[in-house]
Every structure is written in C-alpha cells, then in structure tokens.
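Here is the naming used below: chain letters follow the sequence lines, and residue numbers restart at 1 for every chain.
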2 protein chains.
Amino acid sequence: MTAPRAPSPPTGAGDAARERLLDVAERQFAERGFAETSIRSITTDAGCNVSAVSYYFGNKLGLYTAAIRRRLDGIREQRLLAIREATADLDETADGLDRLLRHFSGVFVAPLLDEGGAQLMSLFLREFVTPQLDPGFLIDEILEPVERALAEALAKVSPGLGPIDARLCAMSHVAQLGHVCHLREGNQGAAGVIDAVIDHVVRFTADGVRAAAARSARVTPAGEVS
Amino acid sequence: MTAPRAPSPPTGAGDAARERLLDVAERQFAERGFAETSIRSITTDAGCNVSAVSYYFGNKLGLYTAAIRRRLDGIREQRLLAIREATADLDETADGLDRLLRHFSGVFVAPLLDEGGAQLMSLFLREFVTPQLDPGFLIDEILEPVERALAEALAKVSPGLGPIDARLCAMSHVAQLGHVCHLREGNQGAAGVIDAVIDHVVRFTADGVRAAAARSARVTPAGEVS
DNA sequence: GCGCGGGTCAAACGAACGTTTGATTTCGAC
DNA sequence: GTCGAAATCAAACGTTCGTTTGACCCGCGC
C-alpha cells in the first residue's frame with residue numbers, strides 16, 4: 001500500500017517524475033496562476049498520472065509550495081551575495097555606491113534575461129499579489145531580508161546616511177527594479193531597452209542616496225559618525 | 001422573452017441589482033482574484049439570482065470587465081487632473097518640482113486611505129499581474145497616459161531635463177508609488193507610516209530629477225533650450 | 001522463485017463551477 | 001382590469017476540477 005500517502009512527501013530527490021512535475025508546475029503556475037492551472041494540465045505535460053501529485057506532494061497546494069520553495073532560497077542568496085560582494089572591497093575609491101547599485105541591480109534583473117527566468121519572476125510576482133501561501137510569506141522570505149541587507153550596505157558606502165533613510169532608499173531602489181520586472185514580463189520593451197532602464201535606475205537611486213546623505217550630514221554636524 | 005440575452009448588455013444604468021452586482025464583484029474580485037471568485041458567491045452577497053450576471057453582463061468576464069471599467073476612467077482622470085493642477089500655476093517660485101510631485105503622489109495613494117479604496121487598488125494590481133482582459137489593457141488605459149503626462153510635467157518644471165530622462169524619472173516615481181500600494185495592501189505598515197514614506201518618495205524623486213536635469217544641462221550647454 | 005514495497009496507472013467519485021432554460025413576478029401604460 | 005416587457009427566480013445541464021481508489025509493473029533482497 002502506497003507508503004507516502006501521508007501529508008509529508010515521500011523522498012527528497014532522485015525521482016525523475018518528481019523533478020519533471022516541479023519544472024512543469026513552475027512554468028504553468030507562472031503563466032496562468034494557481035487557480036487557472038489544473039493538475040491534469042501539469043501532469044499531462046510532465047508525462048505522468050494525475051495521482052503523482054498527491055503521491056509526491058500531498059495535494060495541489062503542496063506542489064505549488066514545493067515549486068516556489070525550490071527556487072526561493074537560491075534567488076535570495078544570489079541577491080544577498082551580490083550585496084556582500086559589492087561591499088567587500090570597499091576600501092578603494094569613492095564610487096562604492098555606484099558599484100554597489102550596479103552590481104545588485106544586475107543580479108536582481110538577471111533572471112529576466114535568461115530563458116525561463118522571466119517566468120520565475122512572474123511566479124513570484126503572482127504569489128506576491130495573489131498569495132496562495134501565508135500572506136507576507138514572500139515579504140518575509142525575500143523582500144525584507146534583501147531590503148534590509150541593501151539598506152545596511154547603502155549606509156556603509158554613504159557616509160552620513162542614517163538607518164531610516166537607508167531603509168527608505170533601499171525600498172525605493174527595489175521598487176524600481178520590481179517595476180522593471182513587471183514591464184519586462186508584459187513584453188513591454190525589448191531586452192535591449194532593459195539595460196538602458198537599469199542604467200537610469202542606478203543613476204537615479206545613486207543621486208537620491210547622495211542627496212539624502214548630504215541632507216543628513218547637514219543636520220548632523222559633519223565629522224560626527226552615526 | 002428576456003430581451004437582453006444578446007451579448008450586449010441591456011440597459012446602462014438605473015437597475016438596482018446591476019449596481020449591487022458591480023459593488024460586490026469589485027470587492028470579491030479584489031479580495032480573491034478572478035478565478036477564485038465564483039458567480040454564486042457574488043450573487044449571494046448581492047442578494048440576487050445567479051442568472052442576473054448573464055442577464056446584465058453576458059457572462060462572468062463581462063461582469064469583471066464592467067467592474068474594472070466603472071472605476072478606471074475616474075482614477076485616471078483624477079491623476080491627470082492632479083498633474084494639470086500642479087503645473088498650471090507654474091509662474092511662481094522655483095519649487096514647482098516639489099509641489100508637482102507632492103500633489104501627484106497624494107492623489108495617487110489617496111484611494112488607499114479611503115474605506116474600500118485599498119481593495120480598488122488591489123483589483124487593479126491583480127489585473128496588472130494576472131490579466132484576464134487583453135494583456136496591456138491597464139498599461140494602455142492608465143499606466144502609459146499617466147506616466148506620459150507626468151513626464152511632460154517633469155520636463156516643464158525642470159529646465160534642462162530631456163524628454164527621455166523625464167520619461168525614465170516618471171517611471172521611477174510611479175514605480176515607487178505602486179510599491180507603496182503593494183505594501184499597504186498587505187497590511188504592511190500602519191496608515192500613519194504611509195505619509196512618512198510618501199514624503200521620502202517625493203524627496204527621493206525630486207533629488208533624482210534635479211540631478212538628471214543638471215547632468216543634461218552639463219552635456220547640453222546652458223541656455224540652450226531643448 | 002518469491003515476496004515486498006516503491007512507483008505508476010486508468011478509472012471513478014463527489015463537489016463546484018459557469019451557463020442556460022423556462023416559468024413566475026413585478027409594474028407602468030393604456 | 002389587462003397586457004407586455006423587464007426583471008427575477010428555482011432548477012437543471014454539462015463540464016471541469018481535485019482527490020481517491022485499487023490494481024498493475026518492476027527491481028531488489030532473500
């Protein structure tokens with residue numbers, strides 16, 4: 001009698017059908033959303049039986065959750081790593097802010113340019129707007145950690161920028177990048193335009209951060225750290 | 001024999017049930033999305049029969065379309081009016097940029113603070129991410145006209161700012177405001193925090209616009225208009 | 001050779017859905 | 001009072017959905 005009928009999935013890896021299901025589910029959930037995608041459509045594309053979903057993932061929501069979780073940690077760690085890389089060799093010249101923003105932005109939108117990467121962003125955007133999981137799940141798992149790390153990095157490379165202003169500036173930057181992802185998903189603008197827009201976003205944020213830092217420095221007397 | 005069984009809706013207004021259906025549909029579609037909301041749930045809340053939907057709107061998608069259309073023009077015109085108002089009395093001091101951004105941003109997020117206004121923004125966000133209508137419908141109907149008008153206004157109040165930079169800066173500003181709407185929808189941050197965030201966004205964009213205008217003025221010799 | 005369990009399958013189940021039908025009610029015009 | 005169209009209704013239709021069932025296949029240990 002089928003062992004893994006329990007709510008907990010059976011194994012962890014090694015099953016070919018399991019991976020195929022996750023691949024197809026990621027694509028179809030991203031293209032059409034959770035409710036508009038049927039289990040039968042996924043299993044047909046994956047070349048297996050409908051009962052494979054309940055066998056490996058318990059139910060439809062389990063498959064959806066697994067498809068998101070499989071990618072979530074990777075994306076977040078890529079972004080956090082990009083921040084660390086850009087702030088590691090900081091003791092050079094004064095263009096640390098520009099290098100940080102440019103490197104981070106490149107990593108942020110990189111999935112958009114890959115084959116199949118845009119659909120991954122679409123999957124996250126959908127879960128962000130129409131949560132099937134716990135509301136705030138994606139905020140806690142990606143948005144908040146990345147924004148926090150970016151805020152700390154901004155404060156590090158921008159003398160005089162207070163923590164609150166750094167947080168707000170990080171929000172502004174992430175907001176712009178997310179908007180670019182929106183537009184790119186809707187086939188708005190060819191892939192070549194993306195680079196120009198990213199260039200603008202990096203300059204725009206850098207100018208905003210510098211102005212905020214200057215404003216803080218004017219309030220807090222110069223030479224005083226923190 | 002029922003007259004308006006044709007795909008075209010019967011009357012235009014005056015029916016109480018019709019308006020009740022639109023009210024309930026707007027709320028439920030905003031809360032749960034198109035596919036997750038059933039006609040029976042809407043008609044039950046509206047206190048009428050399921051066939052009223054096909055009677056007044058043809059089918060479920062017709063009801064959804066009517067619910068969006070009913071609000072779309074109003075929101076867009078409010079935003080465009082806010083831009084015109086802020087650029088009309090321009091021949092005053094030099095703080096035209098700040099006044100424009102502050103006024104426009106206030107109107108943009110105003111629906112969020114009303115009772116029932118947040119759900120309206122949620123409805124638009126959902127259609128933006130998971131289009132049930134023609135893809136790009138909302139972009140053409142709201143995003144593009146508003147961004148274009150804002151870009152023209154930015155160029156007007158910012159001497160030296162080229163049209164392309166103006167467009168990009170308008171995009172950056174709208175992106176930040178849309179992000180605020182996202183967070184507000186997810187109950188992130190109390191209503192009081194919104195004002196502080198909007199203050200930051202206005203300052204942030206103003207700094208970015210001024211820097212872009214200064215950069216353009218450096219490339220294009222001063223005194224030369226366009 | 002045999003048994004056993006993981007993996008896969010076709011088939012069916014019950015529920016919920018969007019839509020349609022045909023009758024009934026409502027109501028102003030005459 | 002009567003007629004007709006608009007409006008509303010209960011009921012059913014056909015489809016699709018997520019999920020479950022029970023049998024079958026295959027490879028491995030003994």
Look at atom CD1 of A/Ile164 and say whether more than 12 heavy atoms of other residues, nucleotides or ligands are closer to it than 6.0 Å.
-> no
Partner residues of B/Ala149 under the side-chain contact (heavy atoms from CB on, under 4.5 Å) criterion, sequence neighbours left out = B/Leu80, B/Ile83
Just how large is the angle between the end axes of the helix from C/dG1-D/dC30 to C/dC30-D/dG1, five pairs per end, to 10 degrees?
-> 10°
Could you state the CD1-C1' distance from B/Ile42 to C/dC17, rounded to the nearest angstrom?
-> 13 Å
Sugar-phosphate only, base, or nothing, as touched by A/Ser41 at under 4.0 Å among non-hydrogen atoms = nothing
What residues form a side chain to side chain donor-acceptor pair (under 3.5 Å) with A/Thr37, not counting sequence neighbours?
-> none
Ring centroid separation for B/Phe104 and B/Phe108, is it under 6.0 angstrom?
-> yes
Distances for protein N or O near nucleotides 25-27 of chain C N or O, under 3.5 Å:
none

Sequence neighbours excluded, every pair satisfying salt bridge (charged side-chain N to carboxylate O under 4.0 Å, His left out) that has a member inside residues 44-67 of chain B = B/Arg27-B/Asp45
Between A/Arg76 (side chain) and A/Glu141 (backbone), is there a donor-acceptor pair under 3.5 Å?
-> yes
Does B/Ser38 have a side-chain nitrogen or oxygen under 4.0 Å from the phosphate oxygens OP1 or OP2 of C/dC17?
-> yes
What residues, two or more places apart in sequence or in another chain, satisfy side-chain contact (heavy atoms from CB on, under 4.5 Å) together with A/Arg40?
-> A/Ser38, A/Val50
Rounded off to whole Å, could you give me the CD-to-C1' distance for the A/Glu36 and C/dA16 pair?
-> 16 Å
Reckon A/Tyr56 has a side-chain N or O less than 4.0 Å from the OP1 or OP2 of C/dG7?
-> no
Of D/dT19, C/dT20, D/dT20, the nucleotide closest to the side chain of B/Val50 is C/dT20
Can you find a donor-acceptor N/O pair under 3.5 angstrom joining the side chain of B/Asn49 to the base of D/dA10?
-> yes
Select base, sugar-phosphate, or nothing to describe what A/Ala52 touches, counting heavy atoms under 4.0 Å on all strands.
-> nothing
B/Leu61, CG atom: more than 12 neighbouring heavy atoms under 6.0 Å = yes
